[in-house]
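Okay, structure first, notes after.
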Amino acid sequence: ALVTLLFLVRSASYTATATVVVPTPTNSSSLIAAVSQSISDFQAALSTDRVAERTAEEVGIATDDVKAGLEPTRVSDSGVVEVRFTYGDPDLAEDTVATAAREALVLLLRSRLQPFEAQLAFARDRADSAQQALLTFQQETGYLEPELVFQREASRMEDLRDGIGVARTE
């Protein structure tokens with residue numbers, strides 16, 4: 001009778017799976033090392049509080065349930081990770097594993113973009129400084145179209161050279 005009671009009390013669990021092809025940067029000298037690093041980075045992103053919290057919020061389950069139920073496994077030596085999530089509701093299990101995998105990919109890709117965003121911000125600052133310097137030059141000199149001014153000055157210099165040449169011949 002005790003065995004039957006335990007069987008009836010135990011709730012059903014459902015496991016949903018998401019298969020993720022983890023993007024790997026191709027600018028590395030060793031593709032094997034790059035794939036391994038990408039897999040490691042994805043698995044680390046999947047285990048972060050940020051991914052668990054965002055997933056829990058979107059799906060509507062507890063953050064601790066997300067953390068406890070996610071199980072990433074690398075498929076052989078490939079760039080593929082199989083993410084499993086076990087939960088009492090099959091629909092929530094599917095939604096949770098898909099959302100967690102997506103959030104981990106977003107986190108991974110954003111982390112890869114950060115250095116480029118810093119470079120872009122630096123380049124924009126430099127372009128803004130150059131634009132400001134040009135405007136300041138134009139205001140101080142009155143030259144609104146520098147190309148025309150330089151053409152006029154070059155023409156004046158040639159006229160002066162011609163005048164010097166004529167004066168020497170006389």
Side-chain angles (χ1 to χ4, degrees), residues 11-150:
S11 62
S13 292
Y14 301 93
T15 300
T17 303
T19 303
V20 180
V21 177
V22 179
T24 301
T26 56
N27 57 353
S28 175
S29 60
S30 171
L31 185 59
I32 294 170
V35 169
S36 292
Q37 185 63 52
S38 292
I39 295 295
S40 177
D41 291 346
F42 174 77
Q43 289 175 329
L46 191 64
S47 67
T48 62
D49 289 341
R50 180 178 180 174
V51 167
E53 289 165 3
R54 292 181 76 131
T55 301
E57 182 180 314
E58 186 170 324
V59 176
I61 65 173
T63 302
D64 289 338
D65 289 343
V66 173
K67 287 181 184 179
L70 287 172
E71 296 177 38
T73 305
R74 183 175 183 180
V75 177
S76 189
D77 287 332
S78 70
V80 177
V81 174
E82 183 177 275
V83 182
R84 293 186 338 198
F85 181 74
T86 303
Y87 197 69
D89 180 313
D91 292 332
L92 285 176
E94 279 186 38
D95 290 346
T96 301
V97 75
T99 302
R102 183 188 72 231
E103 290 295 329
L105 281 171
V106 167
L107 183 62
L108 174 67
L109 294 175
R110 281 192 177 145
S111 71
R112 289 182 184 167
L113 286 176
Q114 265 181 334
F116 299 108
E117 288 172 348
Q119 290 175 356
L120 178 60
F122 176 75
R124 282 184 176 153
D125 286 345
R126 300 289 297 169
D128 290 345
S129 294
Q131 182 65 31
Q132 188 56 48
L134 174 64
L135 291 174
T136 301
F137 169 79
Q138 288 174 334
Q139 289 171 348
E140 289 174 357
T141 61
Y143 299 152
L144 298 178
E145 294 184 48
E147 298 87 18
L148 292 176
V149 172
F150 293 130

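- The structure places CG of Leu70 at 11.0 Å from CZ of Arg84, a figure rounded to the nearest 0.5 Å.
- What you find for Asp65 and Phe85 is that their closest heavy atoms are O-CE1, 3.4 Å.
- Closest of all the heavy-atom pairs between Leu107 and Ala45 is CD2-CB, 3.9 Å.
- Scanning both residues, Val35 and Gly79, for their nearest heavy atoms gives CG1-CA, 3.7 Å.
- Thr86 and Ser13 make their closest contact through CG2-CB, 3.7 Å (heavy atoms, listed as atom of the first residue, atom of the second, distance).
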Steps toward side-chain contact (heavy atoms from CB on, under 4.5 Å) verdict (Val97, Thr17): CA-CA 7 Å; Val97 75; Thr17 303; 5.9 Å; no

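- Arg54 and Thr48 share no donor-acceptor pair across their side chains, judged by distance under 3.5 Å alone.
- One distance of note links CD of Glu58 with CZ of Arg102; it measures 4.5 Å at 0.5 Å rounding.
- At distances below 3.5 Å, at least one donor-acceptor pair connects side-chain atoms of Ser38 with backbone N or O atoms of Ala34.
- At distances below 3.5 Å, not a single donor-acceptor pair connects side-chain atoms of Thr55 with backbone N or O atoms of Ala52.
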Check against side-chain contact (heavy atoms from CB on, under 4.5 Å), Val75 and Thr19: CA-CA 9 Å; Val75 177; Thr19 303; 5.6 Å; no

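- Taking all atoms of both residues into account, the shortest heavy-atom contact from Ala101 to Val20 is CB-CG2, 3.7 Å.
- Between the Ser47 side chain and the Ala44 main chain, a donor and an acceptor come within less than 3.5 Å of each other.
- Panel note: side chain Arg74, backbone Ser78; a donor-acceptor pair is recorded below 3.5 Å.
- Residues Pro23 and Leu109 are in side-chain contact: their nearest non-hydrogen atoms beyond the backbone lie under 4.5 Å apart.
- From Arg112, atom CZ reaches atom OG1 of Thr24 across 6.5 Å, with rounding to the nearest 0.5 Å.
- Enclosure of atom CD1 in Ile32 is not indicated, since only 12 or fewer non-hydrogen atoms of other residues, nucleotides or ligands lie within 6.0 angstrom.
- With a 6.0 Å radius and a threshold of 12 heavy atoms from other residues, nucleotides or ligands, Glu57 has its CD atom at or below the threshold.
- The structure places OH of Tyr87 at 6.0 Å from CG of Leu92, a figure rounded to the nearest 0.5 Å.
- Summarising the geometry, atom CG belonging to Asp89 is positioned 8.0 Å from atom OH belonging to Tyr14; distances are rounded to the nearest 0.5 Å.
- Rounding to the nearest 0.5 Å gives a distance of 7.5 Å between CD of Gln43 and OG1 of Thr73.
- Between the side chains of Asp128 and Gln132, no donor-acceptor pair of N or O atoms lies under 3.5 Å.
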